[in-house]
Amino acid sequence: MGDCERHLRELDAIIQGWISVHRRSTSAASQLHNLHDQATKTLAQTSNSQPIQRLHLLLAMQISEKESLLCKIRSHVHEYATILRQLESLDERVGQHQFVVHEGVDRVAGITPQYVVDAVGDRRKQYTREYVRRRRLLEDLVVGEKIGVTQFSTEWVEAKINYATEEDYLERLRLARMARQWEANCAESERLIS
């Protein structure tokens, strides 16, 4: 396997980690939104005939659950930061690396040193912007209370990253794997013929 492909595979692993955190964090944001809706309904019930102690207990439980969800989201922000550090490290290594290119496989798959440098740099820019956006959203909700839960959840679930680009990486890696298999099959055939 050439260096280009190895670095692209490392980029793919970082991307998969980001996507995993994204799924979990959007789930927590959606749960936070649902909990907010439940709390609003609970507050509206205070005028109904339900005992006030029961409503206070229910609200206390919802507040506790809200804090738990906010802790999860904070944890996800820390995971985003860790993944971003991995991506920054890869970007620095790729920028300083003298590539050993596996001519046949890398050429067939279109995995050139410049392609890898551009791919890693592009992901770093996009992921940095997304990380900063998410961190600000959380701060606006928790610290400054500049936005409400509904706006937070809506904006949090929305991804500002072009994930279609990552399909291109996966396709090139698939082509590299097929080209390598083809080379191995040719070598095996030549060995059997000799």
Side-chain angles (χ1 to χ4, degrees), residues 1-31 72-73 75-138 152-194:
M1 177 187 318
D3 290 343
C4 293
E5 184 182 352
R6 185 173 44 81
H7 288 308
L8 200 56
R9 287 191 186 286
E10 187 175 347
L11 175 61
D12 182 54
I14 291 169
I15 289 168
Q16 295 310 314
W18 182 278
I19 291 170
S20 174
V21 173
H22 178 71
R23 283 187 190 121
R24 288 182 281 124
S25 74
T26 55
S27 174
S30 294
Q31 290 172 6
K72 277 185 185 178
I73 292 171
S75 171
H76 296 150
V77 168
H78 291 295
E79 288 180 65
Y80 282 129
T82 299
I83 291 169
L84 195 53
R85 282 191 294 277
Q86 292 170 349
L87 187 54
E88 289 168 351
S89 171
L90 176 62
D91 191 25
E92 289 169 9
R93 284 183 284 127
V94 164
Q96 299 170 356
H97 193 75
Q98 296 296 320
F99 288 90
V100 175
V101 180
H102 187 285
E103 278 302 317
V105 172
D106 290 344
R107 191 170 359 106
V108 167
I111 303 173
T112 64
Q114 190 58 51
Y115 178 81
V116 173
V117 168
D118 291 346
V120 172
D122 177 62
R123 292 297 90 186
R124 182 178 180 181
K125 287 177 195 167
Q126 283 199 29
Y127 283 27
T128 299
R129 273 194 306 269
E130 183 69 0
Y131 168 73
V132 169
R133 183 183 79 84
R134 287 177 181 275
R135 198 180 69 219
R136 283 188 186 141
L137 273 173
L138 185 59
F152 169 81
S153 298
T154 301
E155 290 186 32
W156 190 272
V157 170
E158 199 177 289
K160 302 285 186 183
I161 291 178
N162 178 5
Y163 288 113
T165 306
E166 288 147 14
E167 291 300 319
D168 183 53
Y169 308 153
L170 294 175
E171 180 63 19
R172 288 176 190 244
L173 290 171
R174 188 183 68 75
L175 286 171
R177 188 174 54 250
M178 289 171 52
R180 188 169 295 96
Q181 184 62 46
W182 180 77
E183 281 183 344
N185 290 346
C186 287
E188 179 66 18
S189 295
E190 286 179 17
R191 186 185 68 73
L192 292 173
I193 291 172
S194 333

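Each residue takes its place number in the sequence, starting with 1.
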| query | Do H22 and Y80 come close enough that some side-chain heavy atom pair is under 4.5 Å? | reply | yes
| message | Let's go through Y131 and I83 carefully: what are the C-alpha distance in whole Å and the side-chain angles of both, what is the deciding distance for side chain to side chain contact (heavy atoms under 4.5 Å, CB included) to 0.1 Å, and is it a yes or a no? | response | CA-CA 10 Å; Y131 168 73; I83 291 169; over 6 Å; no
| query | Quick one: does V120's side chain get under 4.5 Å of Y115's, heavy atoms only? | reply | no
| Does the side chain of I73 come within less than 4.5 Å of S25's, by heavy atoms? | no
| field | Charged N-O contact under 4.0 Å between R134 and E155 | value | no
| query | Any sub-3.5 Å donor-acceptor pair from S153's side-chain atoms to A29's backbone N or O? | reply | yes
| said: Check R6 with E10, please: is the shortest side-chain N to carboxylate O separation under 4.0 Å? | reply: no
| task | To the nearest 0.5 Å, tell me how far L138 CG sits from R135 CZ. | result | 10.0 Å
| query | S20 and R23: side-chain donor and acceptor closer than 3.5 Å? | reply | no
| Basic-acidic side-chain contact under 4.0 Å: R85, E88 | no
| Residue R136 excluded, over 12 heavy atoms near CZ under 6.0 Å | no
| field | Exercise: identify the closest heavy-atom pair between E158 and R133 | value | O-NH2, 2.6 Å
| request: Any chance you could measure R129, atom CZ, to I161, atom CD1, to the nearest 0.5 Å? | output: 9.0 Å
| request: Can you see which heavy atom on H76 is nearest to which on V21, and at what distance? | output: O-CG1, 3.7 Å
| request: Pick out which of D122, T112, V94 makes a side chain to side chain contact (heavy atoms under 4.5 Å, CB included) with V117. | output: V94
| query | What distance do C186 atom SG and R191 atom CZ have between them, rounded to the nearest 0.5 Å? | reply | 14.0 Å
| Can you check whether W18 reaches L87 side chain to side chain, under 4.5 Å on heavy atoms? | no
| So which of V132, T128, I14 actually passes side chain to side chain contact (heavy atoms under 4.5 Å, CB included) with L84? | T128
| query | Rounded to the nearest 0.5 Å, what separation is found between the NE2 atom of H7 and the CZ atom of R93? | reply | 7.0 Å
